[in-house]
Amino acid sequence: MFSYREFNVIVSPDYDEMLDKGVKCEEYVCRVYMAADAALENCVYEFNMMPSFEFEEHTKISIETGIINTIDSDYDSIQLNICRDELKRKDTLLANAICHIGEFESGEDLYDTLKNQVKMTDEEISQAGFDSLKEFFGKETESQDNGMNLS
């Protein structure tokens, strides 16, 4: 494993091992993980390195310089991948939470929770798969009525 910036990079095949054996690989696959991802579960970027492109010589320093240069030149793309993955994760968590709410509530109570507590629109509620709640779309619920009467 090679560490650089806030990343750990797994190189396949292992370049240290290949160099020790005297093998000159035609390509190395590099998978980039956040250093905090100790279990190496979420690859945030992947790239291939080849001699004469990303590295010049079949030496440890040349290969590691190639890794560093690639990460530096692709840093913005890596950061975008990280943001995209975080948004996907948040979407998954929200979808799981909404499904969980749907298991414990139904009818107008579920509609009220999704509409007033989660702040979902009728369209979002429908897209989440709660088609049975369409009868409540556009209607004011009790908590909305109470809020309007207090103004």
Give a yes or no answer on whether the side chain of [X] reaches the backbone of [Y] with a donor-acceptor pair at less than 3.5 Å.
{"X": "Ser62", "Y": "Thr59", "value": "no"}
{"X": "Lys119", "Y": "Asn116", "value": "yes"}
{"X": "Ser3", "Y": "Asn8", "value": "no"}
{"X": "Asp74", "Y": "Ser77", "value": "no"}
{"X": "Glu54", "Y": "Met50", "value": "yes"}
{"X": "Asp122", "Y": "Gly138", "value": "yes"}

Taking all heavy atoms of [X] and all of [Y], pick out the closest pair and write down the distance.
{"X": "Glu108", "Y": "Phe136", "value": "N-CZ, 3.4 Å"}
{"X": "Met49", "Y": "Ile63", "value": "CE-O, 3.5 Å"}
{"X": "Glu46", "Y": "Val29", "value": "OE2-CG1, 3.8 Å"}
{"X": "Leu114", "Y": "Ile98", "value": "CD2-CG2, 4.0 Å"}
{"X": "Asp85", "Y": "Cys43", "value": "OD2-O, 4.2 Å"}
{"X": "Cys25", "Y": "His58", "value": "O-CE1, 3.1 Å"}

Student check: side-chain heavy atoms of [X] and [Y] closer than 4.5 Å:
{"X": "Gln79", "Y": "Ile82", "result": "yes"}
{"X": "Asn42", "Y": "Met34", "result": "no"}
{"X": "Lys115", "Y": "Met120", "result": "no"}
{"X": "Tyr28", "Y": "Phe47", "result": "no"}
{"X": "Tyr33", "Y": "Val44", "result": "no"}

Answer yes when Asp72 and Arg5 have at least one side-chain N-carboxylate O distance shorter than 4.0 Å, and no when they do not.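 Salt bridge between Asp72 and Arg5, a charged N being under 4.0 Å from a carboxylate O: yes.
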Ion pair check, Glu86 and Lys90, cut-off under 4.0 Å:
no
Within a radius of less than 6.0 Å around [atom1] of [X], do more than 12 heavy atoms belonging to other residues, nucleotides or ligands occur?
{"X": "Asn96", "atom1": "CG", "value": "yes"}
{"X": "Ile61", "atom1": "CD1", "value": "no"}
{"X": "Arg89", "atom1": "CZ", "value": "no"}
{"X": "Glu123", "atom1": "CD", "value": "no"}
{"X": "Phe53", "atom1": "CZ", "value": "no"}

Nearest 0.5 angstrom please: [X] [atom1] to [Y] [atom2], how far?
{"X": "Asn81", "Y": "Asp76", "atom1": "CG", "atom2": "CG", "value": "11.0 Å"}
{"X": "Asp16", "Y": "Lys21", "atom1": "CG", "atom2": "NZ", "value": "12.0 Å"}
{"X": "Lys60", "Y": "Thr65", "atom1": "NZ", "atom2": "OG1", "value": "11.5 Å"}
{"X": "Cys83", "Y": "Lys88", "atom1": "SG", "atom2": "NZ", "value": "13.0 Å"}

* **Hphob cluster co-occupancy, Leu94 + Phe130, side-chain heavy atoms under 4.5 angstrom** => yes
Tell me whether Val23 is reachable from Leu19 by hopping between hydrophobic residues (I, L, V, M, F, W, Y) whose side-chain heavy atoms are closer than 4.5 Å.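 Yes; tracing contacts between hydrophobic side chains, which count when under 4.5 Å, links both residues.
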* Using the side-chain contact (heavy atoms from CB on, under 4.5 Å) rule, take Val9 and Met1 through it: C-alpha gap first, then chi angles, then the decisive distance, then the call. => CA-CA 6 Å; Val9 182; Met1 181 169 10; over 6 Å; no
The single option from Thr70, Ile71, Val32, Ile67 that satisfies side chain to side chain contact (heavy atoms under 4.5 Å, CB included) with Tyr4 is Ile71
Please lay out, stage by stage, how Leu110 and Ile125 fare under the test side-chain contact (heavy atoms from CB on, under 4.5 Å).
-> CA-CA 10 Å; Leu110 175 58; Ile125 292 169; over 6 Å; no
For the residue pair Tyr15 and Phe2, does the interplanar ring angle fall in the parallel (under 30°), tilted (30 to 60°) or perpendicular (over 60°) class? perpendicular
**Request:** Tell me whether the guanidinium CZ or amine NZ of Arg31 lies under 6.0 angstrom from the six-membered ring centre of Tyr45 and within 45° of its axis.
**Result:** no
